[in-house]
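Being a predicted model, the structure only gives us computed values, none of them experimental. Residue numbering restarts at 1 for every chain, and letters A, B, ... go by the order of the sequence lines.
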2 protein chains.
Amino acid sequence: MSLLFSRQCEYALQAVLYLAKTPSGKMTSIKELSAKLDIPYHYLAKILQSLAIKGLLLSEKGRTGGFALRIPVEHITLAQVIDAVDGPAIKHSCVMGFGECSEDNPCALHNEWVHLRTGLFDVLNDKNVIQLAREMKKPVYEMLA
Amino acid sequence: MSLLFSRQCEYALQAVLYLAKTPSGKMTSIKELSAKLDIPYHYLAKILQSLAIKGLLLSEKGRTGGFALRIPVEHITLAQVIDAVDGPAIKHSCVMGFGECSEDNPCALHNEWVHLRTGLFDVLNDKNVIQLAREMKKPVYEMLA
DNA sequence: TTAATTTCAGATAAATTACTCTTAATTAAA
DNA sequence: TTTAATTAAGAGTAATTTATCTGAAATTAA
């Protein structure tokens, strides 16, 4: 089981942060992303395409084609990516799986969960992908200067 | 998509807290749990059975049979339930889906995620099911005195 | 112009998760 | 002792998610 985000969404987040670290103007191919991030090629293709359709990425066909972040890059957040892939449910779903869950009608974990989720989404909303990409210390993301 | 916990696990949590609210000594049938919590009967049966096998629940066959929490009830936590159903992965998996993710090798959300997860599991480990059940204000859980 | 490289599109397959069905075993009440 | 109610067990089905395959369309470089 994938946790919190679907596998698709995890891949999307990894790829978007990779694009955030590549020099602006350069297009990155699915091939490179797939190889570097170890994500199934055609599966990743679908994901990137859908992010392009939803306006988060730019895509170009042809020999020098590939994907890049839509501009202005500073306006893109991971919250948008999550929303585009997994939808908005996570932002209000009950962690115990109850249909209704609210302040008036709380499950045993409601308060704790709302508090923690809010903290996470504060970061996801308030920092753009460039800022977040900087906090990623993984080797694969380093050599993109 | 279910978030954080699998559907199975959500059902398990709901059922365990229901049992935590029923008077001690009384067995609760799958039928009652299934109806009150709106969980598919046979699916729930499997889940409860596996929790019984793993030692979290007591089960009794026959006309007055059903399920109850293993005693001593005070020693049962939701963290144990989660572990029994979804396994321990959630306690160390990377929220962005990277294989390795640590303080030395963090993804962009590592610190935030560790903070969230720790906060949640502090509650899940430190409060027993009786204490947590008390915080559940849902109508279905009320009339069990 | 041609060949190479890329995304786009749609179909399909594999894997996982969720759920159902049926029968047997057990127990207590009638 | 019979009957009704319950869990146990295993097989089977459905739905969803993840992944693969193939070919077309676009674009650039040779």
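At a threshold of 4.0 Å, the pair B:Lys91-B:Asp83 counts as salt-bridged, since one of the basic side-chain nitrogens sits closer than that to a carboxylate oxygen.
Dashed line: the shortest gap from a side-chain N or O of B:Tyr11 to OP1 or OP2 of C:dA18 is not under 4.0 Å.
Side chain of B:Lys31, nearest nucleotide from D:dT7, C:dC8, D:dT6: D:dT6.
Residues B:Phe121 and B:Val85 share a hydrophobic cluster, clusters being chains of Ile/Leu/Val/Met/Phe/Trp/Tyr side chains in contact below 4.5 Å. Linking Ile, Leu, Val, Met, Phe, Trp and Tyr whenever their side-chain heavy atoms come within less than 4.5 Å puts A:Ile130 and A:Val16 in one cluster.
In this entry the distance linking CD of B:Gln49 with P of C:dA24 reads 17 Å, nearest Å. Rounded to an integer number of Å, the gap from CG of A:Leu57 to C1' of C:dT7 is 13 Å. Look at OH on B:Tyr41: it is 14 Å from P on C:dT22, rounded to the nearest Å. In this structure, CD of B:Glu32 is placed 16 Å from P of D:dA5, rounded to the nearest angstrom. The separation between A:Leu51 atom CG and C:dT7 atom C1' is 14 Å, rounded to whole Å. Distance, B:Leu58 CG to D:dA8 P: 11 Å, rounded to whole Å. Counting to the nearest Å, the P atom of C:dA18 and the CD atom of B:Gln14 are 13 Å from each other. We find that CG of B:Asp38 is positioned 10 Å from P of C:dC19, with the value rounded to whole Å.
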Set out, line by line, the N/O atom pairs under 3.5 Å between protein and nucleotides 11-17 of chain C.
from, atom 1, to, atom 2, distance (Å)
C:dT17, OP1, A:Met1, N, 3.4

Summarise how protein sits on nucleotides 22-30 of chain D as a single string, 5' to 3': B when a protein heavy atom is under 4.0 Å from the base, S for sugar-phosphate-only contact, - for no contact.
-> B---BBBS-
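B:Asn125 CG: more than 12 foreign heavy atoms inside a 6.0 Å radius.
Taking the ring centre of B:Phe98 as origin, the terminal cationic atom of A:Lys138 falls inside the region bounded by 6.0 Å and 45° from the ring axis.
Distance check: A:Phe67 CZ to A:Ser29 OG gives 9.5 Å after rounding to the nearest 0.5 Å. Distance check, rounded to the nearest 0.5 Å: CD1 of B:Ile82 to CD1 of B:Ile90 gives 6.5 Å.
Residues A:Leu44 and B:Ile53 both approach DNA chain D. Their nearest nucleotides, taken by heavy-atom distance, put B:Ile53 toward the 5′ side.
B:Thr77 and B:Asn128 share no donor-acceptor pair across their side chains, judged by distance under 3.5 Å alone.
For B:Glu135, the salt bridge (charged side-chain N to carboxylate O under 4.0 Å, His left out) partners two or more places apart in sequence, or in a different chain, are B:Lys127.
Using a 4.0 Å heavy-atom cutoff across all strands shown, A:Leu48 reaches no nucleic acid atom at all.
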